[in-house]
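One structure is given here, and the rest of the page talks about it.
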Amino acid sequence: MESMADSCERLIQKKSTKLTLFEDLLQPSNPQPNPNSMTSDYREDSCPSDCESVVSGLENEPLFGSNNNNLIRIGNEDMIYATISKKLVSNLKSNGFTNAEVEAIHRRDYSGIMSQAKLQSFCIYAKAVGMKCGYGNANVKYAWYGAGKKEITGILSHGFCFPANSPQGVSLSPADHPNLSVQSSAADDDDGLRHLLLCRVILGKAEVISPGSGQCNPSSEEFDSGVDNLLAPGRYVVWNSCMNTHILPEFVVSFRATPSCRGCERMSQPTTRTPHSHWMPFPALIAALAKFLPADAVGLISRHYGDYKKKKIPRYEMIQKVRKIAGDDILMSIIKFNRRK
């Protein structure tokens, strides 16, 4: 009888080699597939087989105190470990983090019967999105997702949950620009480790969305995902309705990184003027934002503010999260209006 993995491979109808790790770094980050280019990485097989999911690794071991996450630790001599570690550490150091070091990398094991079902579902959706786009290209990319230990444990066990980390849906960072996801990763209370998920993401045809627009679905059937910039995206958005079909968590990367003062300043200052909390008390700001943003977005901002008050996240990180959710235009308008009052 044909196995799920074999069926998945047949559905994809492989025409070229596997999508290799970080292969998309060799191409521009532009998420729009090029139907005329049959040599780009977009055309590669985007579905990992169960052979890939059990690549050389150490014995199964619990992560986050759970034995149910189906993770295999990758040895630090493995090429995959070296590739992921080098890319992440390099990006962290270039963005002002000191003492950046990867502690462990685990790969999700998709060989179990329920895990194979999730894998097959991802492959079927990749095939469907490729057919919808008209040229068999689902535009699958690697992307980072940052969160605390508890949230990542839940994702590995049950999938992504609503509310997502942005009002539009699940927000991820391109493989070569992990900054936003790193800022969303919260250090463990016990050992100070941070964690990122490295996922395969079906982007299809992306459209530009504004953080403050409140858009939570594609504007038309033509589009499949959202980005902040078509030419050089720093953020991918997968709609809530697609978060557990278009995102396949594949690796958990545990690392340490200390933001330097210089790095903090660089990460907290955008190209436009940065709103500072001393201009307006945060409770008042949240109350004002409630008039413009959906309730789930305001709730998420309140949660980040609560984490800051409990000293779970630093102030600059809380500000970055609020700016990402609300958008600078709305924040500046509210703050300016308050100052005039």
Side-chain angles (χ1 to χ4, degrees), residues 47-48 52-53 60-74 84 88 102-123 125-126 140-175 178 180-191 193-203 216 225-226 235-255 296 299-300 303-304 307 312-313 321 324-325:
C47 179
E52 286 183 278
S53 67
N60 284 12
E61 60 177 43
L63 186 65
F64 311 139
S66 171
N67 290 304
N68 300 318
N69 289 325
N70 299 319
L71 294 170
I72 297 175
R73 181 164 181 169
I74 299 176
I84 296 176
L88 180 59
V102 171
E103 291 281 330
I105 299 177
H106 291 75
R107 185 161 194 164
R108 186 74 184 273
D109 180 8
Y110 282 99
S111 60
I113 186 168
M114 295 305 297
S115 295
Q116 282 194 28
K118 293 180 181 179
L119 173 63
Q120 186 183 32
S121 174
F122 181 84
C123 295
Y125 273 95
V140 175
K141 292 286 190 181
Y142 273 102
W144 297 102
Y145 181 87
K149 177 173 61 176
K150 182 178 180 180
E151 183 179 347
I152 287 183
T153 301
I155 292 171
L156 293 172
S157 300
H158 309 293
F160 290 88
C161 299
F162 184 82
N165 64 343
S166 79
Q168 284 94 8
V170 178
S171 180
L172 306 101
S173 302
L180 290 177
S181 294
V182 170
Q183 293 172 41
S184 299
S185 64
D188 297 345
D189 293 333
D190 48 356
D191 55 15
L193 278 177
R194 293 173 177 262
H195 310 282
L196 291 172
L197 285 176
L198 182 57
C199 312
R200 297 199 196 211
V201 182
I202 301 171
L203 294 175
C216 56
S225 63
R235 175 177 176 245
Y236 300 145
V237 174
V238 176
W239 310 116
N240 287 320
S241 58
C242 303
M243 58 186 176
N244 285 312
T245 57
H246 288 45
I247 306 175
L248 186 73
E250 194 165 354
F251 298 93
V252 180
V253 182
S254 303
F255 66 99
D296 58 334
L300 189 58
R303 191 178 76 184
H304 292 321
D307 289 343
K312 291 183 177 180
I313 59 174
K321 290 176 182 290
K324 184 169 69 173
I325 295 170

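In this text, all values refer to a predicted model and were calculated from it rather than measured experimentally. Just so you know, residue 1 is the first one in the sequence shown, and it goes up from there.
- Using a distance-only test at 3.5 Å, with no hydrogens or angles considered, a donor-acceptor pair links the side chain of W144 to the main chain of A175.
- In this structure, the side chains of Y142 and R200 come closer than 4.5 Å at one or more pairs of heavy atoms.
- Rounded to the nearest 0.5 Å, atoms CD1 (I84) and CG (L196) are 10.5 Å apart.
- The two residues S115 and D109 have their closest heavy-atom pair at OG-O, 3.7 Å.
- Using a 4.5 Å heavy-atom cutoff, the side chains of R108 and F251 are not in contact.
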Legend entry - Stepwise side chain to side chain contact (heavy atoms under 4.5 Å, CB included) test for H106 and I72: CA-CA 5 Å; H106 291 75; I72 297 175; over 6 Å; no
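- The shortest distance between side-chain heavy atoms of I155 and Y145 falls below 4.5 Å.
- Nearest heavy atoms, S225 versus V237: CB-O, 3.5 Å.
- L197 places none of its side-chain heavy atoms less than 4.5 Å from the side chain of L172.
- Annotation: the span from S171 atom OG to Y236 atom OH amounts to 11.5 Å, rounded to 0.5 Å.
- Not counting sequence neighbours, A186 has no partner by the side-chain contact (heavy atoms from CB on, under 4.5 Å) test.
- By the side-chain hydrogen bond (donor to acceptor under 3.5 Å, both in side chains) test, S185 pairs with R194, sequence neighbours left out.
- For the pair Q168 (side chain) and C216 (backbone), a donor-acceptor distance under 3.5 Å is absent.
- For the atom pair OG (S181) and CG (L198), the distance works out to 10.0 Å, reported to the nearest 0.5 Å.
- In this structure, the side chains of T153 and K150 stay at 4.5 Å or more apart for every pair of heavy atoms.
- Around OH of Y125, the count of heavy atoms belonging to other residues, nucleotides or ligands within 6.0 Å does not exceed 12.
- By the side-chain contact (heavy atoms from CB on, under 4.5 Å) test, C242 pairs with V238, T245, H246, sequence neighbours left out.
- Annotation: the span from L119 atom CG to M114 atom CE amounts to 13.0 Å, rounded to 0.5 Å.
- Rounding to the nearest 0.5 Å places CG of L248 at 9.5 Å from NZ of K118.
- The ring pair (Phe, Tyr, Trp, His ring centres under 6.0 Å) search around F255 returns none, not counting sequence neighbours.
- The side-chain heavy atoms of D307 and K321, taken from C-beta on, include no pair separated by under 4.5 Å.
- The shortest side-chain heavy-atom distance between P178 and L88 falls under the 4.5 Å cut-off.
- Atom CD1 of I105 and atom CG of L71 lie 12.5 Å apart (nearest 0.5 Å).
- For the pair R235 and K324, the minimum side-chain heavy-atom distance is below 4.5 Å.
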